[in-house]
Amino acid sequence: MEQKIGDYEIVKSLGRGGFGSVWKATSSTGNIVALKILNPQVLDNARVVKKFFHEAMILAKLDHPNICKLLEFFPDGNNYAIVMEHIEGVELKKLLKDQDGQLPFDQANKIAKQSLAAFQYAHENGILHRDIKPGNIMIDKNGNSKIMDFGIAKISTTASHDTAAKMLSVHYVPPERFDPKKEIDARSDIYSLALVFYEIFAGRRAFMVEETSQIMFCHLNEIPDPPEKYRPDMPHEISQAISKALEKDPDDRFKDFKEFSAAMGGAMPIPDDATQAVDVETLKPEPVSEVDIGKKTKEKSPVLMIASIAVVVIALLVGGYFAYNIYFVPEPEPGQGPKITVTETEPGKPAELPYGKDKSIMIVIPEGEFEMGSEKYSAEKPVQKIYMDNYYIDKFLVTNAQFQKFVEETKYITDAEKAGGGMVRIGRRWKKIKGATWKMPDGLTPVEGLENNPVSQVSYNDASAYCKWAEKDLPTEAQWEKAARGNDGRVYPWGNHDPDDTVANFDNLIGTTTPVQDYEKGKSPYGVHDAAGNVYQWCKDWYGTGQRAEKNPSGPASGKEHVVKGGSFIEGTESLRSSNRDRYKPDYSSYLFGFRCACEK
């Protein structure tokens with residue numbers, strides 16, 4: 001009997017570890033893939049399963065020629081499977097062992113260049129690998145590098161010290177990992193990669209000790225010899241770059257992979273003919289029979305109880321809605337803004353008023369300073385005092401009913417409708433679903449009866465078009481963040497305490513969107529609802545990092561992706577922080593994405 005996992009037919013084992021196994025398999029269309037599953041004995045280990053889910057989430061964000069590509073993620077009975085591209089090749093760890101000495105210079109240089117490009121791309125997309133080592137770099141049959149195993153990576157440009165540290169390979173751990181007070185960021189990955197480079201160029205590890213305590217001591221105290229000491233034909237500039245990347249103090253290393261790459265690349269470009277194939281026959285796969293891939297348990301695995309960690313379970317949308325109160329005010333003269341003044345309806349309460357073609361209630365955000373950004377992740381740095389003039393922002397997210405009115409009046413066609421569908425997570429899989437549009441965000445359930453839920457499956461282009469029709473605009477990131485967190489530097493709209501089910505729709509507690517007025521306890525100091533959870537919200541800014549303008553910042557003048565804020569109904573607590581930010585292309589549509597409008601004078 002043929003053995004299968006999902007729709008994939010098993011060919012042979014590619015390897016097995018303590019937590020999982022990897023198999024060569026063929027798809028129903030005949031494509032060769034690598035299929036990773038958890039070992040049955042660890043399915044009750046929540047930490048291991050969370051790591052597995054997390055790897056799939058990380059890989060889904062990455063598309064680079066030197067990073068192993070995720071093809072699919074799905075459940076198989078009580079187990080789970082990650083489907084990746086199959087790489088005919090060998091681990092760098094095995095290549096170094098078989099070489100028993102230095103790699104040919106051109107081969108080592110090519111591996112270095114391609115690895116730098118891959119990690120630069122990952123960091124630009126907000127991913128820290130945190131476990132860089134030769135065993136996680138594959139060399140394919142053409143000599144090209146492929147980065148593997150993002151199982152303990154972090155979706156951010158900084159990360160905390162956590163239980164994943166127990167999974168690290170001590171030979172490649174940066175010194176700051178041993179001090180829980182130290183920040184883990186791009187420079188930590190740079191240190192680990194430099195240790196790999198030391199090994200491929202010098203033919204030996206930077207620290208030739210084996211005891212864990214001795215290795216830790218060396219990372220913290222010993223300065224390794226320059227790699228050129230063991231390889232006289234090595235350009236001094238490359239040796240110097242590796243030594244700088246191995247500085248004990250992260251501030252003395254390169255600030256990012258781009259800088260590291262420039263220092264490595266100035267001396268020796270990769271020759272056009274520097275392709276060196278590897279002998280794929282040196283791989284010795286295990287027979288399929290060594291692991292019971294078809295094992296099922298009679299009882300429901302506890303792992304399903306933690307599915308909210310990384311997956312969304314599509315449920316039937318709950319009917320019923322709150323009646324939406326529409327307020328009528330005189331329309332402004334053509335070309336003029338709303339004729340209003342900043343007043344307070346009662347002491348301490350911001351003024352509210354209806355405005356625009358959608359008659360949505362807008363809140364006046366008074367002029368003054370607020371604290372923007374955070375020190376937690378480098379993408380959110382720096383923390384700055386930002387001055388904002390008066391502006392107005394929707395109290396609630398734009399609803400299905402409001403968006404329907406816009407479409408009826410303008411005959412607008414959304415990006416998802418033009419593309420035939422948008423992005424949806426079905427079970428364990430992120431897929432572009434045919435027919436998934438704002439009218440049916442998950443591709444299954446129409447929005448009838450959900451008029452007061454936030455519109456979703458809308459792109460930046462769609463949101464911008466709506467705001468223009470409503471005689472408003474999308475909020476800048478600064479406008480959005482001030483409206484969400486107020487002027488006291490709080491972490492979340494409601495304060496500094498972690499969320500629960502009374503303040504936000506998050507962490508897949510409900511599994512779908514909820515009416516925009518549901519979470520009164522989670523509103524911001526100015527009274528803005530759903531500034532955390534329910535759906536992500538588009539901002540006007542192009543995505544950028546670093547220092548902002550001190551008054552009314554509006555982001556870079558141009559870019560490729562726009563900022564989204566606020567988290568969604570499937571996200572955890574980190575995404576609900578008001579300083580949290582992500583970015584997507586203007587035509588990207590997802591059932592997690594909605595928006596609200598803003599306007600100035």
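None of the values given here were measured: they were computed from a predicted structure.
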Under the 3.5 angstrom rule, does the side chain of [X] hit a backbone N or O of [Y] as a donor-acceptor pair?
X	Y	result
Asp541	Glu477	yes
Glu481	Lys565	no
Asp185	Ser378	no
His171	Leu195	no
Gln114	Ser145	yes
Arg548	Pro553	no
Gln107	Leu103	no
Asn142	Asn144	no
Asn109	Phe105	no
Ser115	Ile111	yes

Pairing residues for Asp252 by the salt bridge (charged side-chain N to carboxylate O under 4.0 Å, His left out) criterion, not counting sequence neighbours: none
Using the six-membered ring wherever Trp is involved, compare the ring planes of [X] and [Y] and label them parallel, tilted or perpendicular (cut-offs 30° and 60°).
X	Y	value
Trp538	His562	perpendicular
His64	Tyr121	tilted
Phe257	Phe260	tilted

Over 12 non-hydrogen atoms of neighbours within 6.0 angstrom of NZ in Lys93: no
Lys258 atom NZ, neighbour heavy-atom count above 12 within 6.0 Å: no
Taking the side chain as C-beta and beyond, is there a heavy-atom pair between [X] and [Y] under 4.5 Å?
X	Y	value
Arg581	Tyr543	yes
Gln99	Pro104	yes
Asn580	Leu576	no

CA sep, side-chain torsions, deciding dist, call: Tyr584, Phe593, ring-ring contact (aromatic ring centres under 6.0 Å, His included): CA-CA 10 Å; Tyr584 289 86; Phe593 286 16; 4.9 Å; yes
Closest contact, heavy atoms only, Pro134 versus Glu199: CG-OE1, 4.1 Å
Between Asp256 and His123, a side-chain donor and acceptor under 3.5 Å: no
Sidechain N-carboxylate O distance under 4.0 Å for Arg577, Glu574: yes
Salt-bridge contact Lys24-Glu88 (side-chain N to carboxylate O under 4.0 Å): yes
Residues Glu85, Lys146; criterion salt bridge (Lys or Arg N to Asp or Glu O under 4.0 Å); working and verdict: CA-CA 10 Å; Glu85 66 173 319; Lys146 290 278 189 176; 3.3 Å; yes
Atom pair NZ (Lys133) and CE (Met148), whose distance is rounded to the nearest 0.5 Å: 12.0 Å
Glu247/Tyr191 under side chain to side chain contact (heavy atoms under 4.5 Å, CB included): CA gap, chis, key distance, verdict: CA-CA 8 Å; Glu247 289 286 348; Tyr191 182 93; over 6 Å; no
